[in-house]
Amino acid sequence: MSEERKIPGRAGAGGANLAPLAKYKLVFLGDQSVGKTSIITRFMYDNFDRHYQATIGIDFLSKTMYLEDRTVRLQLWDTAGQERFRSLIPSYIRDSSVAVVVYDVSNKASFTNTSKWVEDVRAERGNDVVICLVGNKTDLGNDKRQVSTEEGEEKAKKDGLMFMECSAKAGYNVKSLFRKLATALPGSPDNASKAAPGASNTIDIKVSATPANLDEANKCGC
């Protein structure tokens with residue numbers, strides 16, 4: 001897709017009215033096998049593969065997202081959860097706009113370990129980053145749950161994080177997740193009051209109100 005779009009009232013060479021898209025870096029963090037790659041793949045291609053190979057190092061994907069009359073480019077950085085790749089990750093966190101910390105709702109240890117991932121983000125970016133805690137694999141059902149929704153919400157509230165549960169396999173809440181993240185990007189209406197006047201040259205994003213269970217209509221059975 002084109003990296004540029006027309007902006008009315010700004011004439012360029014040859015009569016073209018072009019301006020670059022706003023770009024935002026989203027880095028996905030979390031233990032191995034919590035579903036980081038699956039969430040990204042569901043968002044990018046509306047697809048789920050049961051036989052993913054473990055991410056080696058860092059993978060990068062880019063997607064243009066259309067939000068009402070605004071368009072942004074999301075740069076999605078998928079990091080490996082294995083300990084041996086841990087030293088690579090801080091450099092990718094450093095210039096990120098959003099950190100998505102993922103855990104598996106059926107794996108208590110992966111939830112406990114989100115604390116260290118959040119600490120890594122804070123160490124590199126302080127408060128200059130949006131952090132979203134995401135519980136994945138809700139399709140496994142309550143009988144396999146080791147982390148309740150309330151536990152996730154409580155941790156997010158305590159640590160000042162956004163929160164959402166989803167299922168990459170069933171497609172539940174994945175679109176809602178990215179729309180929620182879009183409203184929190186620098187320059188969005190929800191964050192406009194937090195920025196000093198003239199401090200940001202990022203594009204404004206206008207997003208219609210999105211129900212918490214946007215994807216529920218798909219009847220995913222989560």
Side-chain angles (χ1 to χ4, degrees), residues 24-31 33-48 61 63 65 67 72 74-79 81 93 96-108 110-115 117-118 121-122 125 127 129-142 144-186 188-191 205 207-222:
Y24 297 96
K25 181 176 179 179
L26 285 67
V27 60
F28 284 72
L29 307 168
D31 287 2
S33 302
V34 295
K36 301 182 294 295
T37 302
S38 297
I39 291 172
I40 292 171
T41 303
R42 173 63 74 179
F43 174 63
M44 291 287 296
Y45 310 114
D46 195 21
N47 185 45
F48 179 83
L61 291 167
K63 184 181 178 77
M65 191 170 184
L67 304 167
V72 294
L74 302 183
Q75 299 177 333
L76 310 179
W77 294 82
D78 182 13
T79 67
I93 296 173
S96 60
S97 298
V98 178
V100 183
V101 180
V102 184
Y103 66 92
D104 174 353
V105 299
S106 68
N107 183 333
K108 185 75 171 184
S110 71
F111 176 70
T112 301
N113 289 340
T114 59
S115 294
W117 293 107
V118 171
V121 176
R122 296 292 190 206
R125 299 286 284 128
N127 293 320
V129 63
V130 174
I131 306 178
C132 186
L133 182 66
V134 177
N136 187 35
K137 305 190 183 182
T138 60
D139 55 279
L140 294 177
N142 290 331
K144 293 187 178 181
R145 262 190 187 266
Q146 294 183 7
V147 184
S148 69
T149 301
E150 291 73 23
E151 285 179 279
E153 289 174 338
E154 183 178 346
K155 180 174 180 58
K157 184 176 181 180
K158 177 184 175 182
D159 295 343
L161 317 175
M162 296 170 62
F163 175 76
M164 183 169 282
E165 288 188 339
C166 69
S167 167
K169 181 177 181 180
Y172 172 70
N173 260 354
V174 174
K175 290 179 182 178
S176 293
L177 169 62
F178 282 89
R179 286 186 174 273
K180 186 173 184 177
L181 294 174
T183 66
L185 289 171
S188 70
D190 287 357
N191 280 331
I205 302 171
V207 185
S208 299
T210 306
N213 295 321
L214 176 70
D215 302 327
E216 192 170 7
N218 293 338
K219 304 297 182 185
C220 65
C222 300

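Heavy-atom basis, side chains included; hydrogens, waters and symmetry copies ignored. Throughout, numbering of the chain's residues begins at 1 and tracks the sequence. All figures in this text were calculated on a predicted structure; none of them were measured in a lab.
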OH (Tyr103) and CG (Leu29) are apart, to the nearest 0.5 Å, by 15.0 Å
Worksheet item: With a 4.5 Å limit on heavy-atom distance, are the side chains of Val98 and Leu185 in contact?
Response: yes
Tell me, do Ile93 and Val121 make a side-chain contact under 4.5 Å, heavy atoms counted?
-> yes
message = Strictly distance-based, threshold 3.5 Å: is any side-chain N or O of Thr79 a donor or acceptor partner for the main-chain N or O of Phe28?
response = yes
Closest non-hydrogen atoms of Asp139 and Ala170, given as atom of the first, atom of the second and distance, are CB-CB, 4.4 Å
d(Leu181 CG, Ser176 OG) to nearest 0.5 Å is 10.5 Å
Worksheet item: Any Lys/Arg nitrogen of Glu151 or Arg145 sitting under 4.0 Å from an Asp/Glu carboxylate oxygen of the other?
Response: no
Exercise for the section: Please state whether the rings of Phe178 and Phe43 are parallel, tilted or perpendicular, taking 30° and 60° as the class boundaries. Expected result: parallel
Interatomic distance, CD@Glu153 vs NZ@Lys158, rounded to 0.5 Å, equals 15.5 Å
Across all chains, not counting sequence neighbours, the ring pair (Phe, Tyr, Trp, His ring centres under 6.0 Å) partners of Phe163 are none
**Item:** Lys108 atom NZ, over 12 foreign heavy atoms within 6.0 Å
**Value:** yes
- Decide side-chain contact (heavy atoms from CB on, under 4.5 Å) for Tyr45 and Leu61; before the verdict, give the C-alpha distance in whole Å, the side-chain angles of both, and the deciding distance to 0.1 Å. CA-CA 11 Å; Tyr45 310 114; Leu61 291 167; 3.7 Å; yes
Nearest heavy-atom approach of Arg122 to Asn127 is NH1-OD1, 3.6 Å
Which of Lys137, Lys169, Lys36 passes salt bridge (charged side-chain N to carboxylate O under 4.0 Å, His left out) with Asp104? Answer is Lys137
The side chain to side chain donor-acceptor pair (under 3.5 Å) partner of Glu165 among Thr138, Asn173, Asn136, Thr149 is Thr149
field: Cys132 side chain near Lys180 side chain, heavy-atom distance below 4.5 Å
entry: no
dist Lys25:NZ -> Leu76:CG (nearest 0.5 Å) comes out at 11.5 Å
Any donor-acceptor pair under 3.5 Å linking the side chain of Ser96 with the backbone of Ala99? no
CG of Leu177 to SG of Cys166, rounded to nearest 0.5 Å, is 6.0 Å
A side-chain contact here means heavy atoms from C-beta on lying under 4.5 Å apart; do Val174 and Tyr172 qualify? no
### Any donor-acceptor N/O pair, Thr41 side chain to Ser38 backbone, under 3.5 Å
no
Looking only at heavy atoms, the pair that brings Ala184 and Met162 closest together is CB-SD, 3.7 Å
- [ ] Answer yes or no: is there a side-chain heavy-atom contact under 4.5 Å between Asp31 and Trp117?
- [x] yes
Residues Gly152 and Leu133: closest non-hydrogen pair is O-CD2, 3.8 Å
Shortest non-hydrogen pair, Lys155 vs Thr114, comes out as CE-OG1, 3.0 Å
Rounded to the nearest 0.5 Å, the CD atom of Gln75 sits from the OG atom of Ser97 at a distance of 9.0 Å
In short, Val129 meets Arg125 closest at the heavy-atom pair CG1-CB, 3.7 Å
